[in-house]
Amino acid sequence: VQLQASGGGLVQAGGSLRLSCVASGFIFRLKIMAWYRQAPGNQRELVASISLSGSTNYVGSVKGRFTISRDNAKNTVYLQMNSLKPEDTAVYYCNTLGPTMNSWGKGTLVTVSS
């Protein structure tokens, strides 16, 4: 299993980023996919998920600002992040939802400056 997240970077508060995550080693289209994040000193938290049918769920702190989507033909899940805030600073990972794959990959670092 490989989960390769990309698209992170340094952005000013109010800016936008689009994260991508290419998955391999399992049948992507049969899995609920999710984005997670881990800020320094904090536990990893679930940010957003997308079901096989495209239904989405978000943690309250990102609702209305983040949008998760998927392309099953490309085995890729995306996270469009708008109106970014300094508290969004974290390493972002993608994985399946309940249960997760053992391999998390390196994630992609998002840093939001104030």
Side-chain angles (χ1 to χ4, degrees):
V1 170
Q2 284 196 331
L3 297 161
Q4 296 182 304
S6 63
L10 174 63
V11 63
Q12 288 188 333
S16 298
L17 285 173
R18 188 192 194 209
L19 307 184
S20 301
C21 179
V22 180
S24 61
F26 61 95
I27 305 176
F28 179 85
R29 61 182 173 84
L30 297 183
K31 295 292 187 180
I32 299 172
M33 293 302 298
W35 283 96
Y36 302 78
R37 68 185 178 186
Q38 186 167 19
N42 290 359
Q43 290 188 336
R44 188 175 291 154
E45 68 167 341
L46 175 64
V47 174
S49 64
I50 183 165
S51 72
L52 277 62
S53 64
S55 298
T56 58
N57 281 289
Y58 301 91
V59 68
S61 59
V62 309
K63 279 183 180 177
R65 300 188 297 121
F66 290 11
T67 303
I68 188 172
S69 60
R70 65 190 297 163
D71 185 338
N72 289 339
K74 295 182 179 180
N75 283 7
T76 301
V77 60
Y78 304 97
L79 187 68
Q80 177 67 43
M81 306 187 296
N82 299 328
S83 302
L84 282 161
K85 303 176 180 180
E87 51 264 44
D88 295 318
T89 295
V91 178
Y92 284 72
Y93 305 85
C94 76
N95 208 314
T96 53
L97 180 67
T100 58
M101 296 291 174
N102 290 332
S103 174
W104 282 83
K106 294 182 179 180
T108 187
L109 176 63
V110 172
T111 304
V112 184
S113 63
S114 58

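- Other residues, nucleotides and ligands place more than 12 heavy atoms under 6.0 Å from the CG atom of Asn42.
- With respect to Trp35, the side chain to side chain contact (heavy atoms under 4.5 Å, CB included) criterion is satisfied by exactly one of Leu46, Val62, Val77: Val77.
- In terms of hydrophobic clustering, with Ile, Leu, Val, Met, Phe, Trp and Tyr side chains grouped at heavy-atom distances under 4.5 Å, Tyr36 and Leu109 are assigned to a common cluster.
- Summarising the geometry of Tyr92 relative to Ala90, their closest heavy-atom pair is CD1-O, 3.4 Å, with the distance given to 0.1 Å.
- Linking Ile, Leu, Val, Met, Phe, Trp and Tyr whenever their side-chain heavy atoms come within less than 4.5 Å puts Leu79 and Leu17 in one cluster.
- Between the CD atom in Gln4 and the OH atom in Tyr93 there is a gap of 14.5 Å [rounded to 0.5 Å].
- The minimum heavy-atom distance linking Ser113 with Leu10 is given by the pair CB-CD1, 4.4 Å.
- Note: Ser51 OG to Met33 CE = 12.5 Å, rounded to the nearest 0.5 Å.
- Side-chain atoms of Tyr78 do not come within 3.5 Å of backbone N or O of Thr67 as any donor-acceptor pair.
- Within the model, atoms CG of Asn72 and CG of Leu52 stand 7.5 Å from one another, a figure rounded to the nearest 0.5 Å.
- Cation-pi contact between Arg70 and Phe28: present, with separation from the ring centre below 6.0 Å and deviation from the ring axis of at most 45°.
- One finds the CD atom of Gln80 at 9.5 Å from the CZ atom of Phe66 (value rounded to the nearest 0.5 Å).
- Taking all atoms of both residues into account, the shortest heavy-atom contact from Ser114 to Ala13 is CA-CB, 4.3 Å.
- More than 12 heavy atoms of other residues, nucleotides or ligands sit less than 6.0 Å from atom CG of Leu30.
- The shortest non-hydrogen separation linking Ile68 to Ser49 is CG2-O, 3.6 Å.
- Here the CG-SG distance, from Asn95 to Cys21, works out to 8.0 Å after rounding to the nearest 0.5 Å.
- Smallest separation of non-hydrogen atoms from Leu3 and Cys94: CD1-O, 3.5 Å.
- Under the 4.5 Å side-chain heavy-atom criterion for ILVMFWY residues, no single connected hydrophobic cluster contains both Val47 and Trp104.
- With hydrophobic clusters built from ILVMFWY side chains whose heavy atoms lie under 4.5 angstrom apart, Val22 does not share a cluster with Ile32.
- Between Asn82 and Ser16, the closest heavy-atom pair is OD1-OG, 2.9 Å.
- Separation of atoms CE (Met81) and CZ (Arg65) is listed at 9.5 Å; rounding is to 0.5 Å.
- The cluster map of Ile, Leu, Val, Met, Phe, Trp and Tyr, joined by side-chain heavy atoms under 4.5 Å apart, puts Val91 and Val110 in different clusters.
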